[in-house]
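Atoms within a ligand are numbered from 1 in the order they appear, just like the ligands themselves.
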Amino acid sequence: MVEHSSSESQSLKKSKNIWLKNKLNSVKVSLYRCLWLSIILLFQIVVLNFVLGAPSKSISINTQILQETVMPLPSLQSNQCQSGMVYVYDLPVMYNKELIDNCHDLDPWHSRCNAVSNDGLGPITAGLSDGMPENLAPAWYWTDMLSSEIIYHARILKHKCRTTEPELATAFYIPFYAGLAVAKYLFTNYTAKERDWHSEMLLKWLQDQPYWKRANGSDHFIMLGRVTWDFRRSNDEDWGSSFIHMPLMKKILRLCIERDQWDHLEIGVPYPTGFHPKSKSDLDQWLNFVQTRKRRSLFTFVGAKRKVKSDFRSILLSHCYNESESCRVVDCAGTRCYDGTWEILEAFLDSDFCLQPRGDTYTRKSMFDCMLAGSIPVFFWKRSIYDQYQWFLTDEPENFSVFIDRKDVRNGVSIKKVLEGYNMEQIRRMREKIIEFIPRFVYSYMGSDETGNKNDAFDLAIDGVLNRFKEEKRSHNAQLKEE
Ligand SMILES: *[C@@H]1O[C@H](CO)[C@@H](O)[C@H](O)[C@H]1NC(C)=O
Ligand SMILES: *[C@@H]1O[C@H](CO)[C@@H](O)[C@H](O)[C@H]1NC(C)=O
Ligand SMILES: *[C@@H]1O[C@H](CO)[C@@H](O)[C@H](O)[C@H]1NC(C)=O
Ligand SMILES: *[C@@H]1O[C@H](CO)[C@@H](O)[C@H](O)[C@H]1NC(C)=O
C-alpha cells in the first residue's frame, strides 16, 4: 500500500521556502559568498595541515561546518512549485487503505487483489513478447484500467509540490477511492443507499474540515478511477452512484478517465496502460522500437461481438474477417483478451491503424494501448476523442487519428478503402504525432522522477490542476479589486 506520510520534514522545509522565497533570494547571494569563503578556508587548512603535518582532526571539523553552510542551498529550488502546493488529506482508512486490504471483496465475482497490487500498477509481467526490447521487461505490468485512484494517490504523496501544512496549500487532494468503493455495488441488485454509502460518509467527514469550509471545496480535487457516468445516478433505479450530484461535490474538480464534455469541473486523464518506464532510457528505447517497427497489416480490430441489436462491433469484426489480407483480428470472444497475453499489443504493433469503436461508454483503454504501440486510432464516435484528453493529446484529433462516421460504415463504406486513401507520408506524420504524445500519456514508474520522464500523464494532470487553481485565484482577486 501507499505510504501515508512520506518525507514530511522535507516537504515542510520546501513549503516554508516557498513562503520565504523572496527573502531567500537575497540570502542566496550571501550563502554563496559564505560557501566560497568556507572553501577557501578549508583549502588553506588542508594546505597548512599538509605543510605542518598537523593532526587531521581540524579538517573534519571544518568539513562539517562547510556542509552546514551548504545545506540550505538545494531547497532554494522550491520555485519549481510556482503554481502552488498540494495538501493530501489523511482520510480514515475506510476510504482507501481498507478497500485495498479487502481486495478479494471489491467486486461480486473476482478477487481484485492483483489489480490493486504494486500501488495500482498490478503484477509485473515477467517477460515480454518476442521482438520487444528485452531489457524493458521490468517496465511492463498487467495494469488494470480501473486502478488510477491508487496510482494517483501513491504518486501524489511523493509529489515535489506536496506540503503537509494545509496553511501553505493552494490545492487539496482527496484520496478517496470512489470507483473501487462503488464497484461491488454496481452490478447486482444493491439499493441506491448502499451504492452511495461511502460517498455520503466521505462528504460528511470532509465538510467538518476547516480547509474545506474556507472555500466550500473549490480548491479541492479528486481522482475518479471509473468513467464519470458511474457516479451520475439521478434516479434510484438507474445505474451508478450519485456521488457527483451530491451538493457538497458541486465545486470539487475531478480528474477521471472519461469526462462529461459539458462539465467544466471535469478533466479527462489517460487510462493507465501497462508500460511504466523507470528511466528516460526505457522511454526512449520504446519510442524508437515503435517508430522503426515493420507493420504488416493496414489495420487491426481487437474486440468482441456484443449481444445487442445492430451491434456495431459485429460489423467491424465481419469487415475485418472479410479483409483478412489487410486486417488483423483479435476476437475477444471468451476470455482471450484478459490480462496476461501479449496478443493485443502485438496486433497493434503490427498495424498502421486500429479500429476504436465506443465500448460501454465513449472511450476505451484500448485507444491508449493502440497509440502506445505507435498505431493510429480510427474513431467512429466524435465523443471518443473530442474534448476528452486535451491536456495530454495537445493537437486536433485530425492530426493523429482518423474519423469515419459509423453511419457511413453501416451504409457499406469500406473502412479498408478509407484507410488505403492515406499515403505513406500522411501515416508517417500521424505516427510522429502519436510518438510525441506517448511520454505525455504513459504513467511512469513511481519514483522515477530523478532520471525519468518528468512530464508524464500524472505530472501533467497535477500541474494542470495547480495552474488552474492559481488562475482562478488570480481572476478572483482581480475581481475583488475592481469592486
Ligand atoms: C437481490 O436478488 C436476490 C436473488 O436474485 C434476492 O434474493 C434478493 O432479495 C434481492 N435483494 C434486493 C434488495 O432486491
Ligand atoms: C459556503 O457555502 C455556504 C452555504 O451555501 C455559504 O453560506 C458560504 O458563504 C460559502 N462560503 C464561501 C467561502 O463561499
Ligand atoms: C463479409 O462478407 C460476407 C460474405 O460475403 C457478407 O455477407 C458480409 O456483409 C461482409 N461483411 C461486411 C461488413 O462487409
Ligand atoms: C495539425 O497539423 C497541421 C499540418 O501539419 C498543422 O498546420 C496544424 O497546426 C496542426 N494543428 C495543431 C493544433 O497543432
Side-chain angles (χ1 to χ4, degrees), residues 166-167 169-172 203-204 206-221 245-253 265 298-306 308-329 331 353 355-357 371 376-380 382 385-420 422-437 440-441 469 472-473 475-477 479-480 483:
E167 204 48 65
T170 49
F172 292 79
L203 291 175
K204 264 190 202 137
L206 202 57
Q207 74 179 330
D208 290 336
Q209 305 302 312
Y211 292 93
W212 165 270
K213 290 180 184 154
R214 207 171 54 171
N216 282 337
S218 63
D219 49 4
H220 282 48
F221 71 111
H245 293 318
M246 292 177 187
L248 289 174
M249 284 294 287
K250 217 152 133 188
K251 296 188 172 177
I252 296 180
L253 191 67
L265 277 179
L298 178 62
F299 63 118
T300 181
F301 177 59
V302 177
K305 286 181 191 169
R306 305 223 162 163
V308 295
K309 211 172 129 228
S310 62
D311 175 31
F312 189 69
R313 292 179 179 219
S314 301
I315 301 175
L316 297 184
L317 206 56
S318 160
H319 183 69
C320 197
Y321 274 126
N322 287 3
E323 305 292 354
S324 57
E325 291 284 296
S326 29
C327 189
R328 176 164 171 166
V329 181
D331 189 339
F353 296 93
L355 307 186
Q356 295 294 338
M371 292 194 292
I376 300 161
V378 180
F379 296 109
F380 305 90
K382 292 240 164 173
I385 182 69
Y386 284 79
D387 296 328
Q388 213 29 272
Y389 305 108
Q390 298 105 312
W391 286 5
F392 311 88
L393 314 176
T394 49
D395 199 347
E396 295 147 12
E398 292 80 22
N399 283 358
F400 62 91
S401 68
V402 171
F403 178 75
I404 307 176
D405 197 309
R406 60 196 173 280
K407 289 185 223 94
D408 295 341
V409 177
R410 286 188 193 280
N411 290 334
V413 163
S414 160
I415 296 166
K416 179 186 162 211
K417 289 237 167 67
V418 175
L419 298 180
E420 278 174 346
Y422 287 87
N423 62 35
M424 297 274 282
E425 176 55 21
Q426 286 169 309
I427 292 176
R428 192 193 59 76
R429 242 187 284 138
M430 285 195 277
R431 178 164 302 124
E432 284 298 320
K433 233 337 142 196
I434 287 168
I435 287 171
E436 185 188 315
F437 289 153
R440 302 175 64 86
F441 71 73
F469 283 166
E472 278 170 2
K473 199 164 189 176
S475 66
H476 180 72
N477 288 344
Q479 261 174 12
L480 287 184
E483 275 162 15

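- At a distance under 4.0 Å, no protein heavy atom can be found next to atom 9 (O) of ligand 3.
- Protein heavy atom nearest atom 13 (C) of ligand 4, with residue, atom name and distance: D395 OD1, 2.9 Å.
- Near I315, meaning under 4.0 Å from any of its heavy atoms, are these atoms of ligand 3: 13 (C).
- For atom 1 (C) of ligand 2, the nearest non-hydrogen atom of the protein is N216 ND2, 1.5 Å.
- Given atom 11 (N) of ligand 3, the protein heavy atom at minimum distance is S318 OG, 2.7 Å.
- For the side chain to side chain contact (heavy atoms under 4.5 Å, CB included) test with V418, the passing option among V409, V378, D408, I404 is I404; the others fail.
- Here is the list of ligand 3 atoms found below 4.0 Å of a heavy atom in H319: 13 (C).
- Checking atom 3 (C) of ligand 4 against the protein gives a heavy-atom contact under 4.0 Å.
- Using a 4.0 Å cut-off between charged nitrogen and carboxylate oxygen, K407 and D405 count as a salt-bridge pair.
- Scanning all protein heavy atoms for the shortest distance to atom 6 (C) of ligand 4 gives N399 ND2, 4.2 Å.
- By the 3.5 Å distance cut-off applied to N or O atoms, R429 is not counted among the residues near ligand 4.
- Contact check on E436 versus K433 returns a salt bridge, with a Lys/Arg side-chain nitrogen under 4.0 Å from an Asp/Glu carboxylate oxygen.
- When only modelled atom types and interatomic distance are considered, D219 and Y211 share no side-chain donor-acceptor pair under 3.5 Å.
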Kindly determine whether F437 and F400 satisfy ring-ring contact (aromatic ring centres under 6.0 Å, His included), including the steps that lead there.
CA-CA 10 Å; F437 289 153; F400 62 91; 5.2 Å; yes

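- Ion pairing between a basic and an acidic side chain is recognised when a charged N comes within 4.0 Å of a carboxylate O; R428 and E425 show such pairing.
- In summary, the aromatic rings of Y389 and F441 are positioned with their centroids too far apart to meet the 6.0 Å limit.
- Ring pair F469/F221 is perpendicular by interplanar angle, where above 60° counts as perpendicular and below 30° as parallel.
- Every N/O-N/O distance between R214 and ligand 2 stays at or above 3.5 Å.
- For atom 14 (O) of ligand 3, the closest non-hydrogen atom of the protein is N322 ND2, 3.7 Å.
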